[in-house]
Amino acid sequence: MKATVEDKVQTRIPTKHGEFILHYYSNSLDDKEHVAFVKGDVAGKDDVPVRIHSECFTGDVLGSRRCDCGEQLDMALDMINTAGYGVLIYLRQEGRGIGLLKKLQAYNLQDQGLDTVDANIKLGHLADERQYDIAALILDNLKVHSIELITNNPQKIDELTKLGVQVNNRIAIETRIHRDNLDYLKTKAERMRHMLSVPDRS
Ligand SMILES: Nc1nc2c(ncn2[C@@H]2O[C@H](COP(=O)(O)OP(=O)(O)OP(=O)(O)O)[C@@H](O)[C@H]2O)c(=O)[nH]1
Ligand SMILES: [Zn+2]
């Protein structure tokens, strides 16, 4: 059966990054609360700036410096606000799809010396278990014609393209590098092919 999403409610949210319309989606694939944060008129438009952000409770809400998620969320909303139109899809796939409990266990393994990829594998998971079907369906529901994807992750572009999303361009989203995220970003560049310029650890 073909997967579906349904736009259940739309509401106006003024933020420090400007005003957006929040769309709440239900879907036929899982019971998570996926949402889209939409700026301006995107229906029928080409080259719409789009950020597909995966939930990171520690980074997005607590301001953790172990990862770049919180800062990327702020930067993406600023970029979309400045462009005057665009979409941020917030997918509830915490911890690259392994969930919060496993991500926190992975952090403890990282503190014992494993990197972000090997910690996931040690816990019996893939390095990245995310899926983008729901994001593709949401973009289709919003009638977005083609996008410029705000990401450093080439795999995200490949997966969306396979799902029929027309990605015309990539917009880089590089955050500040500091002591707490250097190894993490380095591993993303070296082992997950993220397009990041990270200095050597030395
Ligand atoms: N399993 C695991 N998940 C993590 C870790 N650090 C961040 N995450 C999760 O990773 C997801 C964000 O993915 P990232 O790899 O940071 O970035 P991305 O979305 O692939 O790429 P960008 O579009 O460039 O940001 C969120 O769901 C975070 O909760 C970690 O060390 N282990
Ligand atoms: Zn994070």
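Index from 1, following the sequence. In listed order, ligands and their atoms are each counted from 1. Computed from heavy atoms alone, side chains included, the values below leave out hydrogens, waters and symmetry copies. Every value quoted in this text rests on a predicted model; they were computed, and no experiment measured them.
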Answer side chain, backbone, both or neither: which part of K103 comes under 4.0 Å from ligand 1, heavy atoms only. side chain

One finds that the ligand 1 atoms under 4.0 Å from a non-hydrogen atom of K188 are 14 (P), 15 (O), 16 (O), 17 (O)

Does NZ or CZ of R12 lie under 6.0 Å from the centre of the six-membered ring of F20, at an angle within 45° of the ring axis? no

Atom 15 (O) of ligand 1 - nearest protein heavy atom and its distance: R96 NE, 2.9 Å

To the nearest 0.1 Å, how far is atom 7 (C) of ligand 1 from its closest protein heavy atom, and which atom is that? Y184 OH, 3.0 Å

Among the heavy atoms of D68, does any lie under 4.0 Å from an atom of ligand 1? yes

Give the residue, atom name and distance (to 0.1 Å) of the protein heavy atom nearest atom 30 (C) of ligand 1. T116 OG1, 3.3 Å

Assess Y107 for proximity to ligand 1: is some non-hydrogen atom of it under 4.0 Å away? yes

Main chain of R92, side chain of H34: is a donor-acceptor contact present, judged purely on distance under 3.5 Å? yes

Please confirm whether R51 approaches ligand 1 to less than 4.0 Å, judged on its heavy atoms. yes

Any N or O on A106 sitting closer than 3.5 Å to an N or O of ligand 1? no

Verify salt bridge (Lys or Arg N to Asp or Glu O under 4.0 Å) between K103 and E94, making sure each step is shown before the conclusion. CA-CA 8 Å; K103 184 180 83 168; E94 171 65 65; 2.8 Å; yes

Ring centers of Y90, H53 separated by less than 6.0 Å: yes

Contacting atoms of ligand 1, where contact means under 4.0 angstrom from a heavy atom of Q93: 27 (O)

Looking at V165 and A136, what are the two nearest heavy atoms and their distance? CG2-CB, 3.7 Å

In this structure, does ligand 1 have an atom that sits under 4.0 Å from one of the heavy atoms of Q110? yes

If you have a sec, read the angle at the Zn ion (ligand 2) from C67 atom SG over to C69 atom SG, to 10 degrees. 110°

Distance only, no hydrogens: is a donor on one side chain within 3.5 Å (strictly under) of an acceptor on the other, for Y85 and D41? no

K8 charged N/C atom sitting above Y24 aromatic ring, 6.0 Å / 45°: no

From the options M195, H125, M192, K156, select the one whose nearest heavy atom is closest to atom 19 (O) of ligand 1. K156

The option among Q155, R130, E174, E55 carrying the non-hydrogen atom nearest to atom 20 (O) of ligand 1 is R130

Against I173, only a single residue in D68, I150, N153 fulfils side-chain contact (heavy atoms from CB on, under 4.5 Å); can you say which? I150

Got the closest protein heavy atom to atom 24 (O) of ligand 1, with its distance? N152 N, 2.8 Å

Check step by step if salt bridge (Lys or Arg N to Asp or Glu O under 4.0 Å) holds for D128 and R130. CA-CA 6 Å; D128 191 342; R130 286 175 292 175; 2.8 Å; yes

Got the closest protein heavy atom to atom 1 (N) of ligand 1, with its distance? N120 OD1, 2.9 Å

Compare every heavy atom of H194 with every heavy atom of P154, then report the nearest pair and how far apart it is. CD-CA, 4.0 Å

Decide salt bridge (Lys or Arg N to Asp or Glu O under 4.0 Å) for D115 and K186; before the verdict, give the C-alpha distance in whole Å, the side-chain angles of both, and the deciding distance to 0.1 Å. CA-CA 10 Å; D115 69 23; K186 188 105 186 133; over 6 Å; no

Ligand-side contact atoms (ligand 1) for residue partner I98, heavy atom cut-off under 4.0 Å: 1 (N)

T151 heavy atoms, cut-off 4.0 Å: which ligand 1 atoms fall inside? 21 (O), 22 (P), 23 (O), 24 (O)

